[in-house]
Amino acid sequence: MKLQYDASGLAWWKTSIIYQVYPRSFKDSDGDGVGDLRGITQKLDYLADLGIGAIWISPFFTSPMRDFGYDISNYTEVDSMFGTMEDFDTLLKEAKQRGLKIILDFVPNHTSNESVWFQESRKGPNNSYSDYYIWEDGVTLPNGSLGPPNNWLSVFGGSAWEFDHARGQYYYHAFLKSQADLNFNDPNVKQEMKNVLRFWLDKGVSGFRLDALKFLFESENATLNEVLLPNQYEWYEDDTHNLTTSFPQISDVIKDWRSLLDDYASRDKEPKFLAEESYALTTEMRNAHYKAGAMPFNFALLDMNSTCGGLCVKQLINKGLYGLEDDAWPNFQVGNHDNSRVASRVGNMKSGAVTMLLLTLPGTPTCYYGDEIGMTDVFYSFKETQDPAGLNFGEDGYKNRSRDPERSPMQWSRTRNAGFSTGIPWLHVERNFTLTNVEEQAEDPNSMLNLFRSLAKIRQYPSFQNSKLHFAVTNDNIVSYVRMAKGWTKYLVMINFGSSGSTDDYSQDPVSSTSGKIVAKTNNFNSTDIEIGHTISLVDVTLQPGQGLVVKVFFQDS
């Protein structure tokens, strides 16, 4: 029996919007101030109504929470902070009843140093876990003291090596010292990771997002140093880390995992999703990972800011599509748990325009919880800061390093704590929550939330179910493009990302028509002439900054 695809012949993840939930900030069901699995289940109706197809959930596995779940001590347990395995099973069941897929965050590069694996590995070189991690002897420094084996740096600042007194050696950590890197040259580690995937696939999840994949391998020659900038406590450009990132062996690991997922896809009659977080991949490596079976997340639009006009946005789109081979399905995202919220980067006036952009571009869009209502970064003082990435750089550097601002609680209503929790939230909510919240926007037909919902429906049209776009008018203000499929209606998307109004003629190729019907508009038009369902001339369309339209193009008989 063949795998089940939708009417377009595409796998479900090619026609779905993926919605990232950061569980500790989404919905708290028990009043302890931290979001949990039951909280997600309580909001499944909202997510289904939003028009998404899959929920990507950031880690909820057993962890000492030194990096809020990205330091896992047991991959097949639910941390009590987030609930129980029964809670997860209920979430999975309820999601499927609403047609929603569940995607899990898989963190293969490192574990917590409190995991059983690491504690066993510390005992010495002659046990079954001894090679699960990367251990090296130190070197004698000129002053006679012992130092790390080389100058490799941690992403979070300082040396990537930590001395362990129990074993008498240094272990490698690309991130926090509490996140020890696994040794993927050990076949036992590879088998352990496959067993983790099997556990959750047996539960019924539909795929995985692979965290920090570019760090999976390091040079086996620990005597080699990397070139350093003068400030050794500053993580510099990723592509200079030739000894610690982006090794070609990563493709072999992806192939192995893809083979496993395909076995389950055949069993379940459902394609399985596999995507990866890998910043600054070369075009060649990105295509190699595609061929191996994972979709590298495209972060080009994370560079959008308030000064990025039409030509700038076009360049970022092209950057995301550049060099993709025909069978490489594109994807875009404008925010996640590690980056400033898009509404703060581009400004409130243009946040609806970005929503229109994301949901009308080719491929699979991934959105971050709260972006659908225009949530912004929240300021936290150093004393309020929770994120270790910020705390590691001290009071002078935390503002540029902390990821707390984009991880603030979801704003559900104008009630206490924005309806996120009846207790004291782990991070305080943004003060604008009385105006920016789901409850208020659900009742407003011109809100960001209802713009998102309408665009989610439009994305299901056949003309948007392909990997191609054709640019139309582009200038300092405007980016516009046509989405079309053979035999189906042509749609024109036109958005002003600039700083001034722009009147332009869109009737030329590839539009090739002088009129069309508005099917979606951003929530910042005042004119009654610009209403959904109205026919407009495409010869002279005027858009102010932050305004955007999706127009069904009328066939022009030549």
Side-chain angles (χ1 to χ4, degrees), residues 10-11 13-14 18 56 106 108-109 155 174 184 207-219 226-227 235-259 261 273-305 308 310-336 338-339 342 345 354 357-358 360-366 464-471 474 479 481 483:
L10 297 172
W13 54 268
K14 291 185 176 182
I18 297 173
W56 152 31
F106 181 46
N109 179 68
V155 174
F184 266 80
F208 302 90
R209 175 261 190 188
L210 309 174
D211 180 70
L213 200 66
K214 68 185 295 179
F215 298 93
L216 218 56
F217 289 90
E218 304 78 24
S219 172
E226 290 192 321
V227 177
W235 182 251
Y236 50 100
E237 291 299 323
D238 288 337
D239 57 7
T240 64
H241 289 267
N242 61 306
L243 299 180
T244 54
T245 63
S246 302
F247 276 62
Q249 299 96 303
I250 296 172
S251 292
D252 295 329
V253 176
I254 294 174
K255 288 177 183 176
D256 196 29
W257 292 341
R258 169 47 65 189
S259 178
L261 266 63
F273 178 76
L274 193 64
E276 62 163 294
E277 177 204 38
S278 284
Y279 291 87
L281 287 181
T282 64
T283 300
E284 293 74 20
M285 184 160 285
R286 181 171 63 158
N287 282 328
H289 289 193
Y290 264 115
K291 288 180 179 178
M295 181 179 75
F297 272 151
N298 166 26
F299 300 120
L301 296 183
L302 294 181
D303 290 335
M304 289 185 68
N305 56 41
C308 188
L311 291 175
C312 169
V313 173
K314 180 182 179 180
Q315 290 173 349
L316 294 179
I317 295 171
N318 280 333
K319 180 181 177 182
L321 299 175
Y322 175 77
L324 288 183
E325 298 182 357
D326 289 340
D327 57 349
W329 189 256
N331 68 93
F332 288 91
Q333 59 179 263
V334 295
N336 57 39
D338 287 332
N339 290 273
V342 64
R345 300 199 317 268
V354 176
L357 177 75
L358 177 66
T360 58
L361 284 173
T364 300
T366 300
F464 291 88
Q465 301 293 319
N466 60 71
S467 61
K468 305 297 181 184
L469 93 166
H470 308 271
F471 283 108
T474 55
V479 64
Y481 44 87
R483 301 299 314 280

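Positions are given from 1 along the sequence.
Interatomic distance, L216 CG to Q249 CD, rounded to the nearest 0.5 Å: 9.5 Å. In this structure, the separation between OG on S246 and CG on L213 is 9.0 Å, given to the nearest 0.5 Å. Distance check: L324 CG to Y322 OH gives 10.5 Å after rounding to the nearest 0.5 Å. Here the OH-OG1 distance, from Y279 to T245, works out to 14.5 Å after rounding to the nearest 0.5 Å. Summarising the geometry, atom CD1 belonging to I250 is positioned 6.5 Å from atom OG belonging to S278; distances are rounded to the nearest 0.5 Å. Within the model, atoms CD1 of I18 and CE of M295 stand 5.5 Å from one another, a figure rounded to the nearest 0.5 Å.
Side-chain contact check for N298 versus K319: every heavy-atom pair is 4.5 Å or farther apart. For the pair N336 and E277, the minimum side-chain heavy-atom distance is 4.5 Å or more. Side-chain contact between E325 and K291: present, with at least one pair of heavy atoms (C-beta onward) separated by less than 4.5 Å. Side-chain contact between P248 and F217 is absent, with no heavy atoms from C-beta onward closer than 4.5 Å. When side chains are defined from C-beta on, F471 counts as touching V479, because their heavy atoms get closer than 4.5 Å. No side-chain heavy atom of N109 sits under 4.5 Å from any side-chain heavy atom of D211. Looking at I254 and Y290, their side chains never come closer than 4.5 Å, going by heavy atoms from C-beta outward.
Scanning both residues, R345 and L302, for their nearest heavy atoms gives NE-O, 3.3 Å. Between S467 and P330, the shortest heavy-atom contact is CB-CD, 3.5 Å. Annotation for Q333 and F297: closest pair NE2-CG, 3.2 Å, computed over non-hydrogen atoms. F247 approaches E218 most closely through the heavy-atom pair CZ-C, 3.6 Å. Across G320 and R286, no two heavy atoms sit closer than the pair O-NH1, 3.0 Å. When all heavy atoms are compared, the tightest approach of Y481 to T360 is OH-OG1, 2.6 Å.
Side-chain N or O atoms of N331 include one that pairs as donor or acceptor with a backbone N or O of P296 at under 3.5 Å. With E226 contributing its side chain and L243 its backbone, the two residues share a donor-acceptor pair below 3.5 Å. When atom types are taken as modelled, the side chain of R483 and the backbone of N466 share a donor-acceptor pair closer than 3.5 angstrom.
Within the 6.0 Å centre-distance limit, the rings of F106 and W257 are counted as a close aromatic pair.
Side chain to side chain, T364 and W13 fail the donor-acceptor criterion of an N or O pair below 3.5 Å.
Just one of V354, D303, L357, T366 meets the side chain to side chain contact (heavy atoms under 4.5 Å, CB included) condition when paired with V334; it is V354.
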